Asker: 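Supplied in structure tokens, the structure appears directly below.
Here is the naming used below: chain letters follow the sequence lines, and residue numbers restart at 1 for every chain. Just so we're clear, the structure is a prediction, and the values are computed from it rather than from any experiment.
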Amino acid sequence: MAKELTTRQEDYSQWYNDLVIKGGLADYSAVRGCMVIKPYGFALWEKMRDQLDKMFKDTGHVNAYFPLFIPKSFLSKEAAHVEGFAKECAVVTHYRLMNDPNGKGIIVDPDAKLEEELIVRPTSETIIWHTYRDWIQSYRDLPLLINQWANVVRWEMRTRLFLRTAEFLWQEGHTAHATKEEAIEETERMLGVYADFVETYMAVPVIRGVKTPNERFAGAEDTYCIEALMQDGKALQAGTSHFLGQNFAKAFDVQFLTKENKQEYVWATSWGVSTRLIGALIMAHSDDNGLVMPPKIAPLQAVIVPIYKGEDSKPVIDAKAKEILNQLKAAGVSVKYDESDNRPGWKFAEHELKGVPVRIALGLRDIENGVVEIARRDTKEKNSVPVDGIADTVVRLLDEIQQNMFDKALAFRTSHTTEANSWDEFVKLLDEKGGFIAAHWDGTPETEDAIKEKTKATIRCIPLNNKKEAGTCILTGKPSQERVLFARAY
RNA sequence: CGGGGCGUAGCGUAGCCCGGUUAUCGCGCCUGGUUUGGGACCAGGAGGUCGCAAGUUCGAAUCUUGCCGCCCCGACCA
């Protein structure tokens with residue numbers, strides 16, 4: 001029986017949920033707002049994580065691990081930071097349970113109250129900067145370039161699988177530098193790493209930019225971001241990199257001695273991407289038949305499906321299939337021979353649903369002709385190709401799929417990035433077309449809020465290397481020096 | 001937290017208004033067989049605290065009250 005998928009046109013949100021659930025990436029859990037990441041979804045995350053981890057190490061970072069719990073008092077040391085996160089913190093108040101003296105069940109032991117309550121980290125700046133204070137004394141200790149892979153908890157009111165869950169997995173880089181320039185350079189470097197990763201591996205084109213003060217990370221001087229566009233025309237922030245100035249250094253008193261023997265506060269950055277990237281991947285590429293995985297991070301790049309014809313055909317087909325399997329493996333392709341006793345049509349649909357980039361089907365007819373049927377997930381094209389040189393063919397095809405997926409997503413973004421020069425035009429574009437809208441803005445938070453209030457669109461970013469262009473704000477008509485990118489966003 | 005909707009097998013559901021044999025059907029699952037080029041077919045089988053609790057009644061999935069949970073829309077957000 002077919003697993004019926006809602007189409008994008010029918011209900012985009014439901015389509016997304018169907019893909020996550022039926023594609024085997026994740027399940028809802030017994031805990032509100034928290035999901036179970038299933039093996040296929042976790043395999044995808046592992047591919048992302050491993051690649052990113054390599055890129056972090058290549059840029060000089062090392063991994064460490066800091067506690068899940070943060071003393072409540074730490075959070076209040078940086079004013080903007082506490083302001084930003086206080087509303088969504090889970091708090092640990094007790095450390096013991098006991099049997100309910102009034103009957104069955106178990107209750108919190110009232111005698112086991114913590115002297116200082118603990119926050120479950122919504123992000124780790126405070127605990128990390130508290131620690132850095134002990135680690136940094138001299139300019140020789142800098143730069144300190146540390147990353148951690150962790151889970152964090154933000155008590156969101158409304159959650160969506162991968163896009164916004166109460167608990168999620170991410171990495172957070174936290175670096176300390178001797179100079180402002182160096183810290184800004186680091187912030188930009190890591191934004192570049194993210195952009196490179198998302199474009200090269202996930203095949204999702206991104207806009208690099210800077211957030212306006214309204215959208216800035218709580219406690220940052222500047223928040224850089226990469227913004228991606230989803231197929232429904234909504235933007236999604238795929239990663240952020242923050243220049244924290246000396247805010248946390250001052251809040252946690254982290255100073256170092258310069259070469260000139262002067263005490264100075266260090267300069268900081270932090271940067272992160274999360275399992276939300278999986279949501280971005282799904283909404284950027286997938287179609288009404290299921291997930292579409294870019295080859296470079298697909299948990300499985302190719303699958304071989306046998307088409308039996310009578311009992312006698314099995315050994316012949318199995319032998320040939322395993323030959324092909326070994327050739328592909330030798331060429332570095334992650335590939336599986338699907339010997340399960342489902343029928344071919346069932347397997348085709350299943351692997352399509354899961355987004356496996358390349359499918360190879362093999363029956364007696366093919367063996368006689370020295371060919372296999374090869375189908376690519378991105379375009380759904382099928383072709384007979386010679387068995388000879390199959391590994392090269394597949395490797396080339398995987399590259400082609402990767403490129404095609406990026407090109408397609410880029411073409412979509414290009415065609416959905418529009419300039420608006422008047423309020424009416426702006427509103428019409430938002431409602432009828434969506435996507436990024438490049439428009440003039442007078443630079444004030446009040447105007448940004450007013451636009452958000454009226455249209456639900458926010459300024460996604462001010463693109464880096466944005467061209468200067470005199471104009472007037474679409475809402476207030478006040479003068480503006482450059483266009484910024486608006487969109488409705490996830 | 002406000003507005004709307006829903007809880008019956010792993011999933012989707014009928015039955016509820018108008019109480020009455022053994023709770024319906026499909027998918028999935030198990031066994032055996034036949035099959036296999038786009039989600040197979042036949043035969044047999046397993047699987048249920050009808051969200052929870054109390055009440056009304058000879059009798060409750062069905063009526064009443066309370067509670068719990070989930071989903072959608074809004075305020076908050078990576």
Asker: Given the C1' atoms of B:C70 and B:C52, what is the spacing between them in whole Å?
Answerer: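 The answer is 14 Å between these two C1' atoms.
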Asker: After noting the C-alpha distance and the side-chain angles of A:Glu188 and A:Arg208, does the key distance pass the side-chain contact (heavy atoms from CB on, under 4.5 Å) rule?
Answerer: CA-CA 10 Å; A:Glu188 290 173 349; A:Arg208 306 172 196 211; over 6 Å; no
Asker: For the P atoms, the ones on B:A46 and on B:G5, what distance do you get once it is rounded to whole angstrom?
Answerer: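 It comes out at 40 Å once rounded to the nearest Å.
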Asker: Working to the nearest 0.5 Å, report the span between CG of A:Leu75 and CD of A:Glu117.
Answerer: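 That separation rounds to 12.5 Å.
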Asker: Quick one: A:Glu156 CD to B:G74 P, roughly how many Å, whole number?
Answerer: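 For the pair A:Glu156 CD and B:G74 P, the rounded distance is 15 Å.
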Asker: Rounded to whole angstrom, note down the C1' distance from B:G32 over to B:G38.
Answerer: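 Going atom to atom, C1' in each nucleotide, I get 27 Å.
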Asker: B:A60 pairs with which nucleotide, Watson-Crick or G-U wobble, both distances below 3.5 Å?
Answerer: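 Looking at the geometry, B:A60 pairs with no nucleotide.
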Asker: Do A:Arg189 and A:Glu186 meet the salt-bridge criterion of a basic N to acidic O distance under 4.0 Å?
Answerer: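 Looking at A:Glu186 and A:Arg189, the cut-off is met.
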Asker: Any Lys/Arg nitrogen of A:Arg488 or A:Asp431 sitting under 4.0 Å from an Asp/Glu carboxylate oxygen of the other?
Answerer: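 Looking at A:Asp431 together with A:Arg488, the answer is yes, because their closest N to O distance falls below 4.0 Å.
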Asker: Does the base of B:G38 carry an N or O that pairs as donor and acceptor with the side chain of A:Lys380 under 3.5 Å?
Answerer: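 When only heavy-atom distances are counted, A:Lys380 does not reach the base of B:G38 through any donor-acceptor pair under 3.5 Å.
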Asker: Which whole number of Å gives the distance between the C1' atom of B:G15 and that of B:C63?
Answerer: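 Their C1' atoms lie roughly 16 Å apart.
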Asker: If you check every side-chain atom of A:Lys456, which of B:G74, B:G38, B:U36 has the closest atom?
Answerer: B:G74
Asker: Which listed nucleotide (B:U36, B:A78, B:C72) is nearest to the side chain of A:Asn17?
Answerer: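 Among B:U36, B:A78, B:C72, the one nearest the side chain of A:Asn17 is B:C72.
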Asker: A:Leu163 near the nucleic acid: base, sugar-phosphate alone, or nothing, with a heavy-atom cut-off under 4.0 Å?
Answerer: base
Asker: Strictly by Watson-Crick or wobble contacts shorter than 3.5 Å, is anything paired with B:C17, and which nucleotide is it?
Answerer: none
Asker: Map A:Tyr28 and A:Gly84 onto RNA chain B by nearest heavy atom, then report which one ends up closer to the 5' terminus.
Answerer: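 The 5'-side residue here is A:Tyr28.
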Asker: What is the distance, rounded to the nearest whole Å, between atom CD of A:Glu368 and atom C1' of B:G37?
Answerer: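 About 13 Å, once rounded to whole Å.
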Asker: I want to verify a distance call: between B:G38, B:U36, B:A78, whose nearest atom is closest to the A:Glu352 side chain?
Answerer: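 Between B:G38, B:U36, B:A78, the one nearest the side chain of A:Glu352 would be B:G38.
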Asker: Among B:C76, B:G38, B:G37, which is the nearest nucleotide to the side chain of A:Arg365?
Answerer: B:G37
Asker: Just to confirm, is there a sub-4.0 Å distance from OP1 or OP2 of B:C76 to any side-chain nitrogen or oxygen of A:Arg154?
Answerer: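 For B:C76, neither OP1 nor OP2 has a side-chain N or O of A:Arg154 closer than 4.0 Å.
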Asker: Between B:G37, B:G39, B:C71, which nucleotide gets closest to the side-chain atoms of A:Trp346?
Answerer: B:G39
Asker: Please determine, for the side chain of A:Phe168, which listed nucleotide (B:A78, B:G37, B:G38) has the closest atom?
Answerer: B:A78
Asker: Which is true for A:Gly239 with a 4.0 Å heavy-atom rule: it touches a base, it touches only sugar-phosphate, or it touches nothing?
Answerer: nothing
Asker: In the strands shown, is B:G66 matched to any nucleotide by a Watson-Crick or G-U wobble pair with both distances under 3.5 Å, and which?
Answerer: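 Here B:G66 is engaged in a pair, and the nucleotide opposite it is B:C52.
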Asker: Can you confirm if the NZ or CZ of A:Arg359 lies within 45° of the ring axis of A:Phe348 and under 6.0 Å from the centre of its six-membered ring?
Answerer: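 A:Arg359 over A:Phe348 ring: yes.
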Asker: With nearest nucleotide decided by heavy atoms, which residue, A:Lys87 or A:Ile367, maps closer to the 5′ end of RNA chain B?
Answerer: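 In this pair, the answer is A:Ile367.
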Asker: Given the structure, check if the side chain of A:Asp366 and the base of B:G37 hold any donor-acceptor pair shorter than 3.5 Å.
Answerer: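 Indeed there is one.
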Asker: For A:Arg365, is there an ion pair with A:Glu373 - N to carboxylate O distance below 4.0 angstrom?
Answerer: no
Asker: Could you work out the separation of B:C50 and B:U22 based on their C1' atoms and round it to a whole Å?
Answerer: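 Roughly 15 Å separates the two C1' atoms.
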Asker: Picking from A:Ile360, A:Leu325, A:Val358, what satisfies side-chain contact (heavy atoms from CB on, under 4.5 Å) with A:Val335?
Answerer: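 For A:Val335, the side-chain contact (heavy atoms from CB on, under 4.5 Å) check succeeds only for A:Leu325.
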Asker: Atom NZ of A:Lys314 and atom P of B:U35: how far apart are they, to the nearest Å?
Answerer: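 Taking NZ of A:Lys314 and P of B:U35, I get 11 Å after rounding.
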Asker: Report the distance from atom CG of A:Asp11 to atom P of B:C72, rounded to the nearest whole Å.
Answerer: 10 Å
Asker: Counting side-chain heavy atoms from C-beta on, which of B:G37, B:A78, B:C72 comes nearest to A:Ser274?
Answerer: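 In terms of side-chain proximity for A:Ser274, the closest of B:G37, B:A78, B:C72 is B:A78.
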Asker: Roughly, in whole Å, what's the span from CZ in A:Arg216 to P in B:A78?
Answerer: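 That distance rounds to 14 Å.
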Asker: Work out how far the P atom of B:C71 is from that of B:U13, and round it to whole angstrom.
Answerer: 15 Å
Asker: Separation of A:Leu364 atom CG from B:G37 atom P, in whole Å?
Answerer: 12 Å
Asker: Could you measure between the two P atoms, the one in B:G19 and the one in B:C27, and give it in whole Å?
Answerer: 33 Å
Asker: Separation of A:Leu161 atom CG from B:C70 atom P, in whole Å?
Answerer: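 Taking atom P of B:C70 as the reference, CG of A:Leu161 is at 14 Å.
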Asker: Please determine, for the side chain of A:Met157, which listed nucleotide (B:A75, B:A40, B:A78) has the closest atom?
Answerer: B:A75
Asker: Nearest whole Å is fine: how far is B:C70 P from A:Gln14 CD?
Answerer: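 A:Gln14 atom CD is separated from B:C70 atom P by 17 Å.
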Asker: Any N or O donor-acceptor pair linking the side chain of A:Arg359 to the base of B:G38 at under 3.5 Å?
Answerer: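 Result: at least one qualifying N/O pair found.
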Asker: Which nucleotide in the list B:U36, B:C76, B:A78 gets nearest to the side chain of A:Arg276?
Answerer: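 Among B:U36, B:C76, B:A78, the one nearest the side chain of A:Arg276 is B:A78.
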Asker: Side chain of A:Phe348 only, please: which of B:A78, B:G38, B:G37 is the nearest?
Answerer: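 So the nucleotide nearest the side chain must be B:G38.
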Asker: Tell which nucleotide pairs with B:C41, taking only Watson-Crick or G-U wobble pairs whose two distances are both under 3.5 angstrom.
Answerer: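 The base-pairing partner of B:C41, which may sit in any strand shown, is B:G33.
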Asker: Kindly state whether the pair A:Trp170 / B:A78 counts as stacked, where counting means centroids closer than 5.5 Å and planes tilted less than 30° apart.
Answerer: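 Aromatic stack with B:A78 absent for A:Trp170.
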Asker: Taking a pair as Watson-Crick or G-U wobble with both distances under 3.5 Å, which nucleotide is matched to B:A75?
Answerer: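 Per the H-bond distance test, none.
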Asker: Is any side-chain heavy atom of A:His61 less than 4.5 Å from a side-chain heavy atom of A:Thr175?
Answerer: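 They are in contact (side-chain heavy atoms under 4.5 Å apart), so the answer is yes.
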Asker: Hey, does A:Lys382 reach any base, or is it just sugar-phosphate, or nothing, if we go heavy atoms under 4.0 Å?
Answerer: base
Asker: Considering Watson-Crick and G-U wobble pairs with both distances under 3.5 Å, what does B:G10 pair with?
Answerer: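 Matched B:G10 with B:C27 under the 3.5 Å cut-off.
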Asker: Is A:Thr165 touching bases, backbone alone, or none of the nucleic acid, heavy atoms closer than 4.0 Å?
Answerer: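 Here A:Thr165 touches the bases of the nucleic acid.
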Asker: In terms of side-chain geometry, is the basic nitrogen of A:Asp288 or A:Arg8 positioned less than 4.0 Å from the acidic oxygen of its partner?
Answerer: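 The answer is yes: the pair qualifies as a salt bridge.
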Asker: Determine the Euclidean distance between corresponding P atoms of B:C6 and B:G44; express it in Å to zero decimal places.
Answerer: 38 Å
